[in-house]
Participant: 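A single structure is presented below for examination.
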Amino acid sequence: MLEKNYNPKEFEEKIYADWEESGDFKPDMRAKTEAFSVVIPPPNVTGVLHMGHALDDTLQDIVIRYNRMLGKKVLWQPGTDHAGIATQMVVERNLAAQGVSRHDLGREKFIETVWKWKEQSGGTICRQLRRLGASCDWSRERFTMDDGLSRAVRKVFVSLYKDGLIYKAKRLVNWDSKFMTAVSDLEVVQKETVGKMYYYKYPIENEDGEFVHIATTRPETMFGDTAVAISKNNPKLKHLIGKNAIVPIVNRVIPIVADEHADPEKGTGAVKITPAHDFNDFEVGRRHNLPLINILNEDATLNENTPFAGLDTQTARRLTIEKLEELGLMEKIEEHPMVVPYGERSGVVIEPMLTDQWFVDAPTLAKEAIRAVETGEVEFVPKLYEKTYFEWMRNIQPWCISRQLWWGHQLPIWYGPDGTVFCEENEADAQAAADKHYGQKVELRRETDVLDTWFSSGLWAFSTLGWPDKTEFLDTFYPTSVLVTGFDIIFFWVARMMMMSMYIMKKIPFRKVYMHGLIRDEQGRKMSKSKGNTIDPMILVDKYGADALRFFMAAMETQGRDISVKEARVAGYRNFATKLWNAARFGEMNQCAMPQGFEIKNIKLAINKWIVAKAQQASNEVTLNLNNYRFSDAANAIYQFGWGTFCDWYIELIKPMLYGEDEAAKAETRAVFAWVLDRILVVLHPFMPFITTELWNNTAQRTVKLIHAAWPQQETPDMSAAAEVDWAVGLISTIRSLRAEMNLPIGAKLNVFLKEANATSVKALQTFCPMICTLARLDKLEVYDGEVSSDMVQTVYRELTVLLPLKGVVDFAAERERLSREIAALDRHLESYAQKLGNPGFVERAPAAVVEEEKRRQAEALENKAKLQAALQRIANF
RNA sequence: GGGUGUGUAGCUCAGUUGGUUAGAGCAUUACGUUCACAUCGUAGGGGUCACAGGUUCGAGUCCUGUCACACCCACCA
């Protein structure tokens, strides 16, 4: 017995536990069928599930469940990411609350603390994924820092190093002064701000009263200036080229060089060059062999190369200006709109800083990664993201992979006493190599840097499947079938996976990349903690059930568009679940079940043929749309069928039969009801796994679990009965409409006469009369050949004139108005038909079928208009 | 500066190769608890598809331009 009310809390947890305990998420490795696999974009191990995950993982689960039901050997590989900076930040914050810094603990102790934190809070997001219904094979859960994956990381690193694709270099990098580490370009966000432009002048050496005028937004960097650049195409200033300027305060003599970086149109036309603290200046410095003067400490305070050692940049800036003013060199300060780089995580200003870092030769690795997409081996859905991918990949810069953090994969690099680098997968090998190199036992020092988190995520597609070991899973499931992710990590992750996989595996990591949009709030703003507009998906799951949230995500997911979360809409899909629940209860109450040996090809009744055909059409549509990753179309197809066709029409139409005496008809209808409900459960299961399973388990004895039930093949629906039933449905709507317009109480049983019925209508009427009477709430419905009297309200339906006798209660004025409205509506259509058909071009050049259809409509409209006019005529004088 | 999108009902959005009277959900109006369901039903109102041109027999759909908005990349001394 089904409960009276749909209450997802009662069964979601229980059903999930059963799946997991029964191993339903594990692929059947003995099966001979095609493999299908997805690797989950690993969430931050210490994170909590947000709306973006809910979308991403719902879509993946739909794809996974669909393919599982297709009978494939399916693996959804789960796992989590150690998320270097993010995790270290959280743990440091916790420590800070106890007044402890990571330096107090020391590296080893700190890492221990992080691991403890991971054990403590690391399970949250996976538990939440379970509540969402994600059918991951949890027995294979991996973590980017577990032993296997760490081994993969070391192996890849060594391989890249030995191939010359990883190198150490002293370069300008984005320096995050809060975490005191380098970060990659992608981890820097540019923010528009209104800053200030400072104008001042440097004296020219040996030329009293001569100056070169400078403009800068960062005056304090002048202590690192090693040149001034001027374009040789700058007529006003080029006479200064070749002379020397004097950096005030520190009184350093620097050359004035010719360089096209100095745009005569911008600023003063002369640019101070600070090669150690500006990316453009760095290049200028290279061109002119300028010295590099580092003026910053790791925490972004100024160093001893400046007069303001130990002070932060803001203070130093103020003091610099004061000093310049004292010297009479300051000219003006203007407001200046500018873009300032900030650390994505730390929120502090990023300083370009000259440091030793490790780089991956991304331009080289990108080549194969680009080719694989060009050839179509890897396909992006929607296609337009390929452009974004190409654009970035073709202009890719070396990837700075070293981080001066503690939490992460320590580089497998050891230095000998003289600084010689040994790159090996483990310390013993490095030691052996070093001993051999030096011809004696030496002491090695390990590189302290760790790797960018995305280095290990880049290996995810194969490392999780067991690489570098040769495993059955790697064999079976690599390359994976599809990667589902948001476009915001196309560079961070998708591109890196492509590069790493092409390099290591010589094969693509996935055949397709499905990219979805971002989740936004009701106003369409990005959700973010700082705005306080986040919605916790688990709260929606609590309120409406996981199925409702999942269906919402699927129904809203149209390619290339962001999703605004509207709670009312989630509630709406909960209502859909309720509707379905009640439909199943209706079936239960009416003993709907499929007897042994029931086959749809033996169905006799038109109404049953009709609903089966519609169900097949709907499942075809769902299949087609799922194959094309059109989630909203797939979801809507089953929604429309389930609610609009099955509940609204079929159930209502069969009631007279189920409550009637014709036992054969009843038996067939009960069976068909059960068949259709099963079909809905099957096709809806990927979207709403919980309610469908609960209903599946409670509506019949089952030999197979719904999660493994067979997905319907593409079918050719038998449409032989469709026209008849559609006729009845249309007639019911027409009569209901007329009743409503006449303001007739719903309880009043009425008689309706049909005039001018053709043979088809007469035949259909014989079959459907009881149904029509029930649904349109009629006492009597019959063909009528008598006179039309003035107290009969009438309308037209196809060839029929529909008469509704209302003795003595007709409001003639209102009726005249109604008829006139209907006629006016027809006139509007007639006008458009006449226009088209009157156009010789249309008649000659449009396909014959289109022209014929247009003619048919015109004829019908004309006929209907004539009837309505006659009716109007009849009551003209009342 | 370079690139990519978006603009359709009060709101949030569908509309696949151009072809009925442009759809859905929510909101709204009227009526209604008929024994699957008020987490509901029936019926209705509501749109010159941003604007201007063009191609075509025919344009929400294709092309060009304009306006507005969003995002991405690069950079502004």
Side-chain angles (χ1 to χ4, degrees), chain A residues 2 4-6 185 190 197-198 214-218 221 229 261-263 266-274 278-281 336-339 384-385 387-388 391-392 395 487-488 490-491 517-518 522 524 526 544 555-556 558-566 568-569 571-590 624-625 628 630 632-633 636 639-640 644 647-648 651-652 655 659 733 736-741 743-747 774-775 777 825-826 828-829 832-833 836 839-847 849-851 853-854 856-857 861:
Chain A
L2 290 169
K4 167 122 170 59
N5 292 313
Y6 163 60
D185 295 351
Q190 309 285 342
M197 179 73 88
Y198 302 88
I214 303 289
T216 182
T217 53
R218 295 190 298 161
T221 61
H261 167 60
D263 183 342
K266 286 185 183 167
T268 59
V271 190
K272 63 191 265 314
I273 302 299
T274 322
D278 181 282
F279 289 98
N280 287 314
D281 292 4
H336 180 69
M338 53 192 277
V339 181
L384 71 96
Y385 286 111
K387 279 192 184 174
T388 314
E391 191 63 28
W392 192 70
N395 298 300
F487 68 80
D488 51 327
I490 184 167
F491 305 137
L518 260 41
E522 301 217 2
K526 233 183 201 172
Y544 304 106
M556 297 308 289
T558 51
Q559 292 180 5
R561 200 150 182 152
D562 291 348
I563 293 178
S564 284
V565 177
K566 279 213 126 188
R569 195 122 191 185
Y573 292 120
R574 185 272 322 269
N575 295 354
F576 175 54
T578 305
K579 190 76 181 170
L580 195 68
W581 184 267
N582 283 305
R585 281 181 62 228
F586 174 85
E588 188 178 61
M589 287 172 194
N590 289 284
L624 190 70
N625 285 312
N628 294 322
R630 299 182 65 94
S632 79
D633 288 335
N636 285 327
Y639 180 93
Q640 294 303 338
C647 290
D648 286 352
I651 291 184
E652 296 306 323
K655 277 179 183 173
Y659 303 150
S733 295
R736 280 173 173 173
S737 209
L738 189 62
R739 287 182 65 117
E741 270 181 291
N743 239 329
L744 296 167
I746 205 98
T774 309
L775 269 67
R777 308 209 45 81
L826 282 172
R828 282 198 296 279
H829 299 158
S832 110
Y833 302 143
K836 273 192 189 174
N839 178 348
F842 176 73
V843 181
E844 283 160 29
R845 310 182 62 167
V850 174
V851 177
E853 178 61 16
E854 205 69 13
R856 196 195 58 72
R857 282 183 210 135

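Bear in mind that the values here come from a model prediction, so they are computed numbers and not experimental data. Just so it is clear: chains get the letters A, B, ... in the order the sequence lines come, proteins before strands, and each one is counted from 1.
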Participant: Looking at B:G7, I'd like to know if its phosphate oxygens (OP1 or OP2) sit under 4.0 Å from a side-chain N or O belonging to A:Arg561.
Facilitator: yes

Participant: Hey, which sits more toward the 5' end of RNA chain B by its nearest nucleotide, A:Arg574 or A:Lys836?
Facilitator: A:Lys836

Participant: For a quick check of understanding: with a heavy-atom distance under 4.0 Å over all strands, which category does A:Arg857 fall into, base, sugar-phosphate or nothing?
Facilitator: base

Participant: May I ask you to verify if any side-chain N or O of A:Arg585 is less than 4.0 angstrom from the OP1 or OP2 atom of B:C35?
Facilitator: no

Participant: Would you mind classifying the nucleic acid contact of A:Ala262 as base, sugar-phosphate or nothing, using non-hydrogen atoms under 4.0 angstrom?
Facilitator: base

Participant: Under 4.0 Å, counting only non-hydrogen atoms across every strand here, what does A:Lys272 touch: a base, just sugar-phosphate, or nothing?
Facilitator: nothing

Participant: RNA chain B: A:Lys566 or A:Gly841, which has the more 5' nearest nucleotide?
Facilitator: A:Lys566

Participant: Just to be sure I understand the rule, does A:Asp648 reach a base, reach only the sugar-phosphate, or reach nothing, if contact means heavy atoms closer than 4.0 Å?
Facilitator: sugar-phosphate

Participant: Can you check whether A:Thr558 has a side-chain N or O nearer than 4.0 Å to OP1 or OP2 of B:A14?
Facilitator: yes

Participant: Looking at every strand, decide which applies to A:Thr388 at a 4.0 Å heavy-atom threshold: base, sugar-phosphate, or nothing.
Facilitator: nothing

Participant: Assign A:Arg828 to base, sugar-phosphate, or nothing according to its heavy-atom contacts below 4.0 angstrom with the strands shown.
Facilitator: nothing

Participant: Give one of base, sugar-phosphate or nothing for A:Tyr659, where a contact means two heavy atoms less than 4.0 Å apart.
Facilitator: sugar-phosphate

Participant: How is A:Glu652 classified with respect to the nucleic acid when contacts are heavy atoms under 4.0 Å: base, sugar-phosphate, or nothing?
Facilitator: base

Participant: I'd like to know if A:Glu853 pairs up with A:Arg857 as an ion pair, taking the criterion as any Lys NZ or Arg NE/NH1/NH2 lying under 4.0 Å from an Asp or Glu carboxylate oxygen.
Facilitator: yes

Participant: Have a look at A:Thr774 and say if it touches a base, only the backbone sugar-phosphate, or nothing, with a 4.0 Å heavy-atom cut-off.
Facilitator: nothing

Participant: Looking for any heavy atom pair under 4.0 Å, which part of the strands does A:Ser832 touch: base, sugar-phosphate only, or nothing?
Facilitator: sugar-phosphate

Participant: For A:Pro847, answer base if it contacts any base atom (sugar-phosphate contacts may also be present), sugar-phosphate if it contacts only those atoms, and nothing otherwise; contact means non-hydrogen atoms under 4.0 Å.
Facilitator: base

Participant: Establish, with yes or no, whether the OP1 or OP2 oxygen of B:A36 is under 4.0 angstrom from a side-chain nitrogen or oxygen of A:Lys655.
Facilitator: yes

Participant: Using a heavy-atom cut-off of under 4.0 Å over every strand shown, decide if A:Asp263 touches base, sugar-phosphate, or nothing.
Facilitator: base

Participant: Is there a Watson-Crick or G-U wobble partner for B:U16 with both distances under 3.5 Å, and which nucleotide is it?
Facilitator: none

Participant: For A:Arg218, answer base if it contacts any base atom (sugar-phosphate contacts may also be present), sugar-phosphate if it contacts only those atoms, and nothing otherwise; contact means non-hydrogen atoms under 4.0 Å.
Facilitator: nothing

